Engineer: 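Mind having a look at this structure? Questions to follow.
All heavy atoms count here, side chains included; hydrogens, waters and symmetry mates do not. Atoms within each ligand, like the ligands themselves, are counted from 1 in listed order. Since the model is a prediction, treat every value here as computed from it, not as a measurement.
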Amino acid sequence: MKHTILIVEDSGSTRLHLSNILSDEYNCIFAASGEEMWKILPETIPSILLLDVIMPGETGFDIILKLSKRDEYRNIPVIFLTGLDDSAEAVRGFEIGAFDYIRKPFDEAELKARIKSVLRIKDHENRLRVHSVTDYLTGIYNRRYFFEAAKNHIYYSLRSGKNLCVAMLDLDHFKDINDTMGHDAGDFVLKKFTDMVKSRIRPYDIFARHGGEEFVILFSDCGKEKSVDIVARVRAGLLNKEFLFESKPVKFTFSAGVVSLADESKGVTVEQMVHHADAMLYKAKESGRNCIIYQDGNTISKS
Ligand code: GH3
Ligand code: MG
Ligand code: MG
Ligand code: MG
């Protein structure tokens, strides 16, 4: 698939020139001003923004500063394209976040090489980002990502008046699976379990490995009943399910604790909610495992 390059340039002849050079290799989209660019961006996030500096209306410098304040745009790499022959301006461009800076008139081969280099760095950066938030074994989010994302979700929920719930899930007697069938069988179970949960939660919920055989889910914009229901459906899905590991049958269950932001005290943190869900999980283990416990004010229910 071709990368998309969004070119913001007020000069028609430069736009045409860039189109001739780049259109074979890239999907080029053109804007003649910042104003036009802001209309295109919500529809198309480009792989690179080629940004002229001197334009009527917003300058390239104005634009990059605005982009850096928007979560959805701040990771778009910007290459400034300009006739300015002043290294102080180039330095300023880099200081405010440009990836590269190319002076007009540009050399075709050099322009192409610089674009390729930015794409390579960006690709590497994206891989690192995914890597840093992903659990290696199961491919779901890791604990670090969970706490970061959950913090924002709580903040958003408090501002919007929407609820959210946090569930802690822990596989029952998981050590026995490792001990009787081997560590690979344990890994297999962890993967099957995460697949099962992924198929039941909604795309905007956050599902992460908290550690070992312990998992955490944030149910975004979701009430307690619905959250418990989703966890209960995972539990029900596992009840009569037998997986085959190297032709040997393996069955497992889990216990869970669920808490709701609405029932927490004011100013509660993610860490406190997770701790609270963990306390409910502990009760679930104590009451015989393979069950879910949630807290409704002072009432503890078991399902
Ligand atoms: P409980 O029902 O009380 O939760 O018992 P349990 O056996 O599930 O809990 P325990 O904490 O005693 O054992 C958890 C085991 O999970 C111990 C550890 O070796 C194993 N474990 C942790 N991470 C992994 C992993 O990535 N792969 C495998 N195969 N095992 C793991
Ligand atoms: Mg210009
Ligand atoms: Mg366990
Ligand atoms: Mg555990």
Engineer: Hey, what's the ring geometry for Phe61 with Phe80, parallel, tilted or perpendicular (30° and 60° as the breaks)?
Structural biologist: perpendicular

Engineer: If the threshold is 4.0 Å, N to carboxylate O, is there a salt bridge linking Lys104 and Asp52?
Structural biologist: yes

Engineer: Please work out which of the three classes, parallel, tilted or perpendicular, describes the rings of Phe252 and Phe193, given edges at 30° and 60°.
Structural biologist: perpendicular

Engineer: Kindly give the atom name of the N, O or S atom of Asp52 closest to the Mg ion (ligand 2).
Structural biologist: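 Of the nitrogen, oxygen and sulfur atoms in Asp52, the Mg ion (ligand 2) lies nearest to OD2.
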
Engineer: Would you please classify the geometry between the Phe188 ring and the Phe243 ring as parallel, tilted or perpendicular, with 30° and 60° separating the classes?
Structural biologist: perpendicular

Engineer: Between Ser19 (side chain only) and Arg15 (backbone N and O only), is there a donor and an acceptor less than 3.5 Å apart?
Structural biologist: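 Answer holds: no.
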
Engineer: Using 2.8 Å as a strict upper limit, say whether an N, O or S atom of Ile54 approaches the Mg ion (ligand 2) that closely.
Structural biologist: yes

Engineer: Between the Mg ion (ligand 2) and Asp10, which N, O or S atom of the residue is the nearest one?
Structural biologist: OD1

Engineer: Suppose the cut-off is 2.8 Å; which protein N/O/S atoms would you list for the Mg ion (ligand 3)?
Structural biologist: Asp170 OD1, Leu171 O, Glu213 OE1

Engineer: Taking 2.8 Å as the cut-off, does Glu9 contribute an N, O or S atom near the Mg ion (ligand 2), distance below it?
Structural biologist: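 Looking at Glu9, which is the residue asked about, there is no N, O or S atom under 2.8 Å from the Mg ion (ligand 2).
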
Engineer: Do Arg127 and Asp123 sit within salt-bridge range, that is, some charged N less than 4.0 Å from a carboxylate O?
Structural biologist: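 Looking at Asp123 together with Arg127, the answer is yes, because their closest N to O distance falls below 4.0 Å.
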
Engineer: Would you call Arg143-Asp135 a salt bridge at under 4.0 Å N-O?
Structural biologist: no

Engineer: Could you check whether Glu25 pairs with Lys116 (Lys NZ or Arg NE/NH1/NH2 to Asp/Glu carboxylate O, under 4.0 Å)?
Structural biologist: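 A salt bridge links Glu25 with Lys116.
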
